[in-house]
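Following: one structure in structure tokens, then a few remarks.
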Amino acid sequence: MAINLVWPKRDLRQQDHKPLLEASKSGHPVLLVYNFEPMLFEDQHFSDRHWRFVWQSLIDIKSKIPQGALHIVSKDAKQAFNDIHQKWHINALYSYQEIGLNNTFKRDIAIQNWCLKRGIQWTEYPIGAVIRALNSRQNWDTHWQQVMRSSQDNLNLSQINWGQIGTTELSTFLVNKLNEQYSTFQQGGESMTHKVLDSFFQQRGKSYAFSLSSPSLSVEHCSRLSAYLAWGNISLKQVYQKLLSYWHKPSWRRSLVAFSSRLHWHCHFIQKFESECQMEFYCINKGYEALPRVTGDEAFEKLQAWKTGQTGIPMVDACMRSLINTGYLNFRMRAMLVSFLTHHLALDWRLGVKHLASVFLDFEPGIHYSQFQMQASVTGINTIRIYNPIKQGEEKDPDGEFIKTWLPELNELPAPFFHTPWEMTPMEQLMYNVELGSDYPMQIVDIKQSYKAAQSLLWQWKSKPQVKIEAQRILAKHVRPSTS
DNA sequence: TTGAGTTTCGC
DNA sequence: CGAAACTCA
């Protein structure tokens, strides 16, 4: 008996799932197949933190469907499909259109050819409001509203005619080990997703607008849905419709409006990447390929300091170390980390882009590359934003609570030294028992100088003819014709 | 979603 | 006179 294969890629939820719904309609038994590789980058293994999150999602699904309805493979999809096809014969394949990196794109082309040769129909459904091969944003907003307000693909997992032939070997030992090692990370899976979602709209989100730019407040008062969205534990439509159901909650107005605009951005940036996927490798504005950058040993050393949270600028280091330890950082501080890398350290954005991708638990290719390039100011269409990490620290962490949480070596320092330890005299270093260069690094750049240098270079570069011509092209393709 | 400098507002 | 708004890079 031929089976219908549902290959959800990164979309692991149990509701509002078009491929599952359609696959279950035709009468053939349905088999859910999940393969791990490739997920991140070709030169980087699927990281443990992401693996753990996905694993938890799979356990969640597994508990809701019959034994053998989920088939987990660790080798590449084509080989896995070959095996399945030989054993059970695949009637049709159902997926979402993944907006992913070049490696998953190449994988999908191989799968497409594989299907063609065997006469297997592969249907891929759009994710959210993202449109494949889109060249203009005319009417895109209307489309977004239509998609987000349309009814959800509700399905009842227990009513599906499941094929019961798959193999899932869930190693409890490994799961426990991973849980232990990453206890500070968010838990994956659909049950967790809905707990997090409900707590946001019932309580945590009330001060969203006020808290979102603070590295400490955001941990609780931001939605924390990004990882669940990235790994498909929930669809954007589900989140948006939940938001609408709370829309008139008294005294939540500001926060709900702010949250709503961020949900719009989500698809917008993924759409940008879909329409311009070379962004993974090149500046969207080619005029910036020749931008002078620090290279060689100096670049390597500065990059290492940035990656490990050892730059000697407390706010930068605290953000990086917090991110490495929890997989999460609020949007504003992420922007500051990128700004520091590309503006203050004057390093090529490509040197840091994979590092953040692999530590963000919520890594979403389209958002990541669009945001990284925008913050690196290599688009030519956005205003140049050079963050001052000292100022950000003074504003967002006036008491040094966040800094001291992640940089315990600065615990004894009073204001203003936990923001600017390099200003301590040798005597002060002695009295506070913090020796710069051994207990905590000396700052690797002078923020005032690097700010000035970046400022003059970037504004000058932005006015170059080649940058301007490219900017026109980008605006025409990615921005709504009616505005700007 | 920037920062620094300048101007205007409002008490 | 300080805070908010505005402007330019």
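Note that these values count all heavy atoms, side chains included, but never hydrogens, waters or copies made by symmetry.
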Do the two ring centres, one from A:W349 and one from A:Y288, sit under 6.0 Å apart?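 No: the rings miss the under 6.0 Å criterion.
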What is the 5' to 3' range of DNA chain B, first to last nucleotide, that sits under 4.0 Å from any heavy atom of chain A?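 Under 4.0 Å from chain A, the extent on DNA chain B is B:dT1 to B:dA4.
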Counting only non-hydrogen atoms, which of residues 380-395 of chain A are less than 4.0 Å from DNA chain B?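 The answer is A:I384, A:R385, A:I386, A:Y387, A:N388, A:K391, A:Q392.
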Salt bridge or not for A:E124 and A:K9, using N-O below 4.0 Å? yes
Contact check, side chains of A:N139 and A:H143, non-hydrogen atoms, under 4.5 Å: no
Go through the side-chain N and O atoms of [X] and [Y] and say whether any donor and acceptor fall under 3.5 Å apart.
X      : Y      : value
A:S57  : A:N233 : yes
A:T142 : A:Q145 : no
A:W422 : A:D446 : no
A:S213 : A:K396 : yes

